[in-house]
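Data block below; observations after.
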2 protein chains.
Amino acid sequence: MTAKAATSKSIQRSPCVVSNVLEIIGDRWTLLLVRDLLFFNKHEYKEFLASPENIATNILADRLKKLLNEGLVGEIIHPENKSRKLYYLTSKGKDLMPILLEMVKWGAAYLPETKEMKLIFERVKNDPELLKTQVLDSLEQWEKQMLKANGTA
Amino acid sequence: MTAKAATSKSIQRSPCVVSNVLEIIGDRWTLLLVRDLLFFNKHEYKEFLASPENIATNILADRLKKLLNEGLVGEIIHPENKSRKLYYLTSKGKDLMPILLEMVKWGAAYLPETKEMKLIFERVKNDPELLKTQVLDSLEQWEKQMLKANGTA
DNA sequence: GCACTTGCTTGCAAAATGCAAGTGCTTGCT
DNA sequence: AGCAAGCACTTGCATTTTGCAAGCAAGTGC
């Protein structure tokens with residue numbers, strides 16, 4: 001195992017919220033998975049692997065485990081294929097969206113423009129609230145299809 | 001040297017803003033320094049060392065170097081003591097505040113309550129805009145005293 | 001001159017990461 | 001039923017990053 005699962009219940013090394021939040025999402029990969037789940041409708045292992053950042057399989061497995069442990073993400077087996085799994089954001093995970101959107105805003109202001117994210121750039125700048133509801137609606141849509149039997153998320 | 005300075009000009013491994021932002025602030029330490037500079041009026045090396053997270057001296061030196069390289073932070077020698085340095089946030093660095101505040105909000109919602117941050121908790125929840133202007137005013141105050149000769153920040 | 005502070009650097013052990021190659025389960029095809 | 005292929009991982013190992021303790025030069029206070 002690459003790393004032990006860090007639950008929020010484990011001993012905090014700091015009394016500061018920021019520090020404790022960073023213990024969960026403060027690394028190069030975790031928020032990228034949240035991004036994929038939130039904005040790019042990705043739900044499967046292989047889809048995360050296909051992201052442009054090229055996450056290694058061991059890191060991906062490790063981060064998914066942590067996200068599950070933290071309760072940011074849930075999983076089910078694919079209804080049509082037992083050998084596949086579907087990952088989805090819980091409300092705790094979805095609530096990271098404001099953080100991501102602020103990062104997008106900051107990036108839009110200070111980073112060299114990237115074509116691929118121009119779409120979200122514009123939507124964040126024009127009407128962030130609209131974007132949020134659109135994103136959440138889209139996820140709800142998916143959940144209705146895939147999770148209808150469950151009371152999760 | 002612990003790590004090479006990663007400028008935003010270096011080759012991006014992804015076209016995604018989130019990814020590129022995380023290359024700058026996506027680690028356990030960088031945002032804690034920004035937090036100290038922004039909310040706790042810390043400006044000196046030894047003050048960062050005194051934070052409850054206990055950053056190691058080599059990591060601190062490395063992160064300060066990176067923050068300077070990225071243009072998030074500026075430095076001057078202490079006007080009254082040549083052997084001390086003063087670090088301060090540029091506007092690029094200050095503009096990370098919304099990200100930090102969203103982290104505080106998320107932490108307030110999902111993390112076990114911590115006494116030490118209750119103050120900022122309340123201020124974020126009650127009136128985020130007021131908090132922002134208060135924080136920025138406080139920094140400006142400091143800058144007027146310390147940086148009066150310079151046109152920086 | 002001398003002890004002390006300050007902002008680092010250095011050396012080394014431990015941990016996290018990245019890469020390539022498995023492993024075991026399921027599935028589709030014949 | 002048999003077999004190749006897909007899928008979600010795991011494993012081993014080299015490289016990189018962290019963490020800790022110790023040092024060190026430049027300045028300051030006496």
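A note on names: the letters A, B, ... follow the listed sequences, proteins ahead of strands, and every chain is numbered from 1. Small disclaimer: the values here were computed from a predicted structure and weren't measured.
A donor-acceptor contact under 3.5 Å links the side chain of B:Asn58 to the base of D:dG19.
Protein atom NZ of A:Lys66 is 13 Å distant from nucleotide atom P of C:dA15, rounded to whole Å. Between B:Asp27 atom CG and C:dA15 atom C1' the separation is 16 Å, expressed in whole Å. One interatomic measurement links the two molecules: CD of A:Glu80 to C1' of D:dC7, which rounds to 15 Å at whole-angstrom precision. Per the geometry, NZ belonging to A:Lys65 stands 14 Å off P belonging to C:dA16, to the nearest Å. Separating the CG atom of A:Leu32 from the C1' atom of C:dG18 is a distance of 16 Å, rounded to the nearest angstrom. In this structure, B:Tyr45 places its OH atom 15 Å from C1' of D:dA26, rounding to the nearest Å. Put simply, CZ on A:Arg28 is 12 Å from P on D:dT18, counting in whole angstrom units. In this structure, A:Lys42 places its NZ atom 16 Å from C1' of D:dC7, rounding to the nearest Å.
For the pair A:Ala56 and A:Ser83, both in contact range of DNA chain C, the more 5′-proximal nearest nucleotide belongs to A:Ala56. Nearest-nucleotide positions on DNA chain D for A:Thr57 and A:Arg84 put A:Arg84 closer to the 5' end.
In terms of modelled atom types and a separation under 3.5 Å, the side chain of A:Tyr45 and the main chain of A:Thr57 share a donor-acceptor contact. With hydrogens and angles ignored, the 3.5 Å screen pairs a side-chain donor or acceptor of B:Thr90 with a backbone N or O of B:Gly71. Within the 3.5 Å criterion, the main-chain N or O of A:Glu70 finds a donor-acceptor partner in the side chain of A:Lys92. One N or O on the side chain of A:Glu47 and one on the backbone of A:His43 form a donor-acceptor pair closer than 3.5 Å.
Dashed line: the shortest gap from a side-chain N or O of A:Lys82 to OP1 or OP2 of C:dG28 is not under 4.0 Å. Under 4.0 angstrom from either OP1 or OP2 of D:dA8 there lies no side-chain N or O belonging to A:Lys85. The side chain of B:Arg63 places an N or O atom within less than 4.0 Å of a non-bridging phosphate oxygen (OP1 or OP2) of D:dT18.
Using modelled atom types and a 3.5 Å distance limit, the side chains of A:Lys66 and A:Thr30 yield no donor-acceptor pair.
In a base pair of the Watson-Crick type (N1 to N3 plus N6-O4 or O6-N4) or a G-U wobble (N1-O2 and O6-N3), with each distance short of 3.5 Å, D:dT28 is matched with C:dA3.
Residue B:Ala61 has its side chain nearest to C:dT9 when only D:dT10, C:dT9, C:dG7 are considered.
Heavy atoms of A:Asn81 sit under 4.0 angstrom from primed sugar atoms or phosphate atoms, though from no base atom.
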